[in-house]
Amino acid sequence: MQMEHTLSGTVRHDWTLAEVEHLFAMPFVDLLFHAQRVHRQHHEPSTVQMSTLLSVKTGACPEDCAYCPQSVRYDTGLEREALLDVEQVREAAKRAKAAGATRFCMGAAYRSPKPKQLAAIAEMIREVRALGLETCATLGMLTPAQAAELKRAGLDYYNHNLDTSPEYYGEIITTRTYQDRLDTLEAVRDAGLKVCCGGIVGMGESVTDRAKLLLTLANLPAHPESVPINQLVQVPGTPLHGMAAVDPFDFVRTIAVARLMMPASHVRLSAGREGMSDELQALCFLAGANSIFYGEKLLTTGNPDVARDQKLFARLGLRAEGAAEPGIPVHSEDHALVENA
Ligand code: SAM
Ligand code: DTB
Ligand code: SF4
C-alpha cells in the first residue's frame, strides 16, 4: 500500500477501508506525529475554534437514538421544555459572545421541524447573527426547501451527525435510516450551508465501524467543514448507559485519523470533555482537534465551565480562533453577563 498517499495531507475523496484501517493500526506516536504534521500544513497550530450550544427545544423527541437522553422512549428524568422564545435565545447568545465564543449552535430535539417551528428558529438565527456570531443549528431531518429557508435566514452551519458506520447504525437507531441522514446532508450542502457532521465513539462499535464512519465522511463530495468527534456521554436510563468505557488512546486515534483524512476541516473535540483530564485533552489537540464546545452545558449534559477552559488554554498556550492574544478573550464590558451565566 502507498502509505505516502494517506499521510500526504492532500484533500482526497477516494479513501479505501484498507487505508483507513492501516491508519488506525499505526503505532500511537507515529500516528500523532503525522496528524500533527498534516495539521500544520492546513491550520494555525494552537488555535481553537469555540462554539457554544443551546438547547432551544428539549426532550420528548420521537426518535429512539440509544445514546440520547432526549428520546421520549427512555426515562432519563429529563424535564421537557417547549421551544424557547427569541429573547431567551438572544440573552444566551450574548452571554456566549461575552465569554469568548464565536459560534452559537441551537439544537432542537426534533425528528424534523414543522413549518411554524422552522419559522420561529429562523427568527432566532437572525437575532443571533445580528450579535455578530456565526450561527449553527441542529434540528433533525430537513427537506431541500427547509434548508434553503434556513440559508435565507442567515444560517452559516447545519449540524447533522452520521454517528457511526452504516453497518452499526441499525444497532443504535431504528426510527430513521442512514440514507435519511445522507439525504439531509445533501439538502444542506445544496442550499449553500456549511456542513457540520461527525459521530460518537464509545457506543460499543468496533474500530472498523469508526473507520467506516470516517470513510463515509471523507468520501462525501465535499468534506464537512466541521467534524465533531463526540465521546459517548452515558446518561442513566438510555440503552447505552453502562457501556464499557472507551480506551482514551483509541479516542485520540479517532481524532488523529479524522485529521489525516479531512486535513482542511475543523475537527471538534466535542461531547465527553467534562470527564477528560487536561492531559487527555492536550493529546486530542496534538492529534489535530482544533475546535471545542465552550460553556458549562452541552444540550442537556455538562461541559467544562468557562474558568476551567480559561485555565486549560493558559496551561497549554492555546488561543481562541479570531482572538488577538493567546487565551480566551472574555469581553470585559459584558463581564457581568458571564458571571451571571
Ligand atoms: N435531534 C437532532 C438530531 O438528532 O440530529 C439534533 C440534536 S442531537 C442531540 C445532535 C447530536 O448530538 C446527535 O446526532 C449525537 O451525535 C449527539 N449526541 C446526543 N446525545 C449524545 C450523548 N449522550 N453523547 C454524545 N453525543 C450525543
Ligand atoms: C455534536 O456533535 N455534539 C453536540 C452537537 N453536535 C449538537 C451535542 C452533544 C450532546 C451531548 C448530550 C447532551 O448534552 O444532551
Ligand atoms: Fe432526538 Fe436528536 Fe436525541 Fe435522536 S439525537 S433522540 S433525533 S434529539
Side-chain angles (χ1 to χ4, degrees), residues 51-84 105-113 136-141 159-178 180-181 184 196-210 212-213 216 227-248 250-251 254-255 268-276 280 284 292-293 295-305:
S51 297
T52 292
L53 278 167
L54 177 69
S55 180
V56 299
K57 188 269 167 187
T58 304
C61 181
E63 303 278 58
D64 70 350
C65 312
Y67 48 76
C68 187
Q70 302 203 66
S71 167
V72 75
R73 295 160 197 247
Y74 316 131
D75 182 8
T76 61
L78 182 73
E79 275 202 36
R80 55 177 74 176
E81 279 173 30
L83 192 62
L84 299 182
C105 180
M106 291 155 272
Y110 294 141
R111 172 177 164 82
S112 54
C136 177
T138 181
L139 317 169
M141 293 187 271
N159 164 260
H160 201 66
N161 289 340
L162 289 174
D163 284 338
T164 190
S165 67
E167 291 78 3
Y168 197 60
Y169 195 79
E171 301 290 319
I172 303 297
I173 299 149
T174 68
T175 49
R176 55 168 192 256
T177 65
Y178 213 70
D180 289 332
R181 289 309 257 191
T184 292
C196 173
C197 183
I200 306 180
V201 178
M203 301 193 295
E205 75 288 346
S206 65
V207 173
T208 303
D209 289 313
R210 290 174 201 152
K212 286 180 173 170
L213 164 68
T216 309
V227 181
I229 305 294
N230 296 277
Q231 184 178 84
L232 175 69
V233 177
Q234 297 203 13
V235 180
T238 58
L240 295 186
H241 182 245
M243 193 49 85
V246 62
D247 179 339
D250 288 341
F251 182 78
T254 310
I255 290 194
R268 182 174 305 125
L269 166 55
S270 303
R273 272 198 319 119
E274 197 181 27
M276 291 181 193
L280 176 54
C284 293
I292 57 169
F293 285 123
E296 63 280 354
K297 210 164 171 201
L298 292 166
L299 290 172
T300 66
T301 66
N303 197 44
D305 60 29

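Both backbone and side-chain heavy atoms feed into the values below; hydrogens, waters and symmetry mates do not.
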Looking only at non-hydrogen atoms, find the nearest pair between T76 and G237 and report the distance. CG2-C, 4.1 Å
Spacing of R210 atom CZ and T254 atom OG1 [to the nearest 0.5 Å]: 5.0 Å
A109 to C61 - nearest heavy-atom pair and separation: O-CB, 3.6 Å
Check whether any side-chain N or O of N303 sits under 3.5 Å from a backbone N or O of G295 as a donor-acceptor pair, and report yes or no. yes
Between T300 and P69, which heavy-atom pair has the shortest distance, and what is it? OG1-CG, 3.5 Å
For residues L213 and E205, determine if any side-chain heavy atom of one lies less than 4.5 Å from a side-chain heavy atom of the other. no
Does the T238 side chain pair with the main chain of Q234, one donor and one acceptor, at a distance under 3.5 Å? no
Checking N230 side chain against A271 main chain: does a donor-acceptor pair fall under 3.5 Å? yes
Pairwise distance CD(E274) to OG1(T301) - rounded to 0.5 angstrom: 7.5 Å
If we ignore angles and hydrogens, is there a donor and acceptor under 3.5 Å between the side chains of D64 and T175? yes
Working to the nearest 0.5 angstrom, can you tell me the gap between C136 SG and L53 CG? 8.0 Å
Under the side-chain contact (heavy atoms from CB on, under 4.5 Å) rule, collect the residues that match up with C65, sequence neighbours excluded. E63, Y67, C68, I173, R176
Give, for atom OG of S165 and atom CG of D209, the distance between the pair rounded to the nearest 0.5 Å. 3.5 Å
Could you tabulate the donor-acceptor pairs under 3.5 Å formed by side-chain atoms of residues 77-84, not counting sequence neighbours?
none

Is any side-chain heavy atom of T138 less than 4.5 Å from a side-chain heavy atom of N161? no
Side-chain donor/acceptor of D163 to backbone N/O of G199, under 3.5 Å: no
Pairing residues for R273 by the side chain to side chain donor-acceptor pair (under 3.5 Å) criterion, not counting sequence neighbours: Q281, D309
Do the side chain of Y74 and the main chain of V235 share a donor and acceptor less than 3.5 angstrom apart? no
Separation of C197 SG from N159 CG (nearest 0.5 Å): 7.5 Å
Can you list the residues that meet the side-chain contact (heavy atoms from CB on, under 4.5 Å) rule with Q231, with sequence neighbours excluded? V246, F251, M276
What heavy-atom pair brings C105 and A137 nearest, and what distance separates the two atoms? SG-N, 4.5 Å
With Y169, which residues qualify under ring-ring contact (aromatic ring centres under 6.0 Å, His included), at least two apart? Y178
My understanding is that only residues two or more places apart in sequence, or in another chain, count here; which of them pass side-chain contact (heavy atoms from CB on, under 4.5 Å) with S51? Q49, R103, R268, F293
Apply side chain to side chain contact (heavy atoms under 4.5 Å, CB included) to M243 and M203, showing your working. CA-CA 7 Å; M243 193 49 85; M203 301 193 295; 5.6 Å; no
Can you confirm whether V201 sits close enough to D250 that some side-chain heavy atom of one is under 4.5 Å from a side-chain heavy atom of the other? no
